[in-house]
Each structure stands twice: as C-alpha cells, then as structure tokens.
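This report refers to the structure that appears directly beneath it.
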Amino acid sequence: MSTDIDYENPWTYNGKVFGSSDIQDYFGFVYHIHCNKTNRDYIGRKYFWSFRKKGSSSRRTKMESDWKKYYGSCPELKEDVEKYGKENFTRTILSLHKTKGKTNFEETRQLFTNNVLTEALDDGTPKFYNGNILNRYFRKDYYGNND
Amino acid sequence: MATSSTGTSEKIIMETTIEPVVQIRDWSIDRIHELTQTDSKQNHLNALAISEEFDEWLNLPDGESELTYLCLERENGFGDQEIDVIDYNS
C-alpha cells in the first residue's frame with residue numbers, strides 16, 4: 001500500500017491509507033464517509049480520473065480527478081464538513097473498480113443493501129446523508145414510512 | 001426527468017420517445033433494486049448487466065438532475081409497425 005501520501009485526512013482501503021500509486025488501473029471507487037460528530041454516514045462513488053478537452057482540439061486529456069480532497073456531492077454533508085471540520089470525518093474506500101459501469105453499479109448496490117433512505121439513529125435522525133437513489137427513490141418518500 | 005432537443009412534432013416525440021425512456025429508466029432501477037435485495041449471486045450479476053446496459057440513463061453526471069438526449073428521426077419517420085418488418089422484395 002502507498003507511502004506517497006501527500007494529502008490531508010487520507011482515504012483508507014482495507015485499513016491502510018490510499019495514495020496515487022495505489023490507483024494502478026482502477027477507474028473509480030465506492031466509498032463510505034462517517035461523521036464522528038453526528039455519527040451519520042454517506043455512501044457514494046468517485047472516479048479517479050477526469051477527462052478535459054484541450055483548446056479546440058477534440059482530444060481529451062486524462063488527469064487525476066480531485067478524489068483526494070473529495071467529501072461527497074451531498075449539500076447536507078458538505079455543510080457538516082464546513083461546520084465540524086474535515087478532521088472529524090473518516091473516509092473509507094469500500095471497493096475499487098476498473099470500469100465506470102462497475103463503479104456505478106456497486107454504488108447503487110451499496111445504497112440499496114444498506115437501506116440508506118430508511119435507516120435511523122436512536123434519536124430519529126436519518127442515519128445516512130444520502131437523500132435519494134438515482135433520483136428515483138427519495139428519502140422523503142420512505143423515511144419514517146412503515147408502509 | 002427527461003428533456004429532448006427536438007424541432008417539430010414535439011407531441012409525437014413526447015408520446016413515442018420520452019415516455020418510454022422514463023419508463024425504461026424507472027423499470028431498470030426498480031429491477032436492480034429487486035435483484036440486489038436477494039442473496040443470489042446470479043441475481044446480482046443480472047442487476048449488473050441491467051445497470052451497465054442503461055448506465056447513461058441511470059447515472060447522471062454529478063450535479064445534474066435531468067437526462068438530456070438528442071433524438072434523431074428521419075423526415076418520413078420509422079414507425080413502430082415497421083420495426084420488425086423486413087421487405088425482401090425491395
């Protein structure tokens with residue numbers, strides 16, 4: 001596992017920190033972010049690569065994405081990151097994938113199997129920051145609904 | 001969820017193209033949901049196959065909530081009734 005950790009609060013995979021040299025031929029990963037203050041969780045996916053168009057050329061340049069400093073796309077989670085500080089969040093890579101399709105599927109599978117829209121903490125707060133699954137299922141339609 | 005870039009015959013496009021796209025998208029997600037609720041490895045592989053087949057319709061780019069696609073149709077159309085007909089005499 002990597003020794004080239006050059007970023008704060010690094011992602012871990014199988015209990016070890018994860019750096020650029022660990023990417024190898026992986027395309028993306030499915031992750032779990034835990035807030036140590038609120039005890040809430042977030043599951044998402046991130047690609048290691050971004051493809052940028054250079055000038056008027058039709059060719060695209062492949063470069064590493066912002067995965068190292070990424071804390072999810074969820075507005076509620078981002079608010080808590082601002083509020084409590086990055087150091088209070090644990091970032092874990094659940095799985096690594098070599099294609100975009102498999103990355104996307106595994107995220108969807110994890111969202112369904114972890115019941116992210118219905119799980120609650122003891123005080124009734126939603127356990128997961130995730131508010132929807134593929135814009136098809138929404139927390140507001142399922143959370144606290146026993147039907 | 002879905003929008004299209006079309007010129008004329010918007011209504012026909014809405015009825016024949018956009019609704020099926022939404023229906024197929026919803027069906028795919030529901031089916032993936034059903035299959036991943038089981039412990040069967042085969043079911044999970046089937047769910048993966050559906051997910052990969054409709055990937056572009058299911059996984060919208062980050063920050064987007066609309067599925068945008070371009071629908072190209074020939075001037076004289078290519079109706080449903082003609083899809084499975086092969087005219088060997090022409």
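Remember, predicted model here, so these are calculated numbers, not experimental data. Computed over heavy atoms, backbone and side chain alike; hydrogens, waters and symmetry mates excluded. Chain naming here is simple, since letters A, B, ... match the order of the sequence lines and numbering starts at 1 in each.
Contact of the Leu58(B) side chain with the Asn104(A) side chain is not registered, since no non-hydrogen atoms from C-beta on lie closer than 4.5 Å. A 4.5 Å side-chain heavy-atom check between His33(B) and Ile133(A) finds every atom pair outside the cut-off. A 4.5 Å side-chain heavy-atom check between Leu48(B) and Arg109(A) finds every atom pair outside the cut-off.
Linking ILVMFWY residues whenever their side-chain heavy atoms come closer than 4.5 Å, directly or via other members, places Ile23(A) and Tyr7(A) in the same cluster. Follow the hydrophobic side-chain contacts under 4.5 Å out from Leu121(A) and you never reach Ile43(A); the two are in separate clusters.
At a 4.5 Å heavy-atom cutoff, the contact between Asp26(B) and chain A is made by backbone and side-chain atoms alike.
A distance of 11.0 Å separates CG of Asp55(B) from NZ of Lys102(A), quoted to the nearest 0.5 Å. One finds the CG atom of Asn59(B) at 7.0 Å from the CD atom of Glu107(A) (value rounded to the nearest 0.5 Å). One distance of note links NE2 of His44(B) with CZ of Phe105(A); it measures 7.0 Å at 0.5 Å rounding. One finds the NZ atom of Lys100(A) at 6.0 Å from the CD atom of Glu56(B) (value rounded to the nearest 0.5 Å).
Other residues, nucleotides and ligands contribute at most 12 non-hydrogen atoms within 6.0 Å of the CG atom of Asp39(B). In Glu8(A), the CD atom is not crowded: 12 or fewer heavy atoms of neighbouring residues, nucleotides or ligands sit closer than 6.0 Å.
Interface check for chain A: of the options Thr36(B), Ile29(B), Ile32(B), the most heavy-atom pairs under 4.5 Å are formed by Ile29(B).
The heavy-atom pair separating Glu52(B) from Thr99(A) by the smallest distance is OE2-OG1, 4.0 Å. Nearest heavy atom pair, residue Arg25(B) against residue Leu134(A), reads NH2-O, 2.8 Å.
Checked against salt bridge (charged side-chain N to carboxylate O under 4.0 Å, His left out), Asp6(A) has the following partners two or more places apart in sequence or in another chain: Lys68(A).
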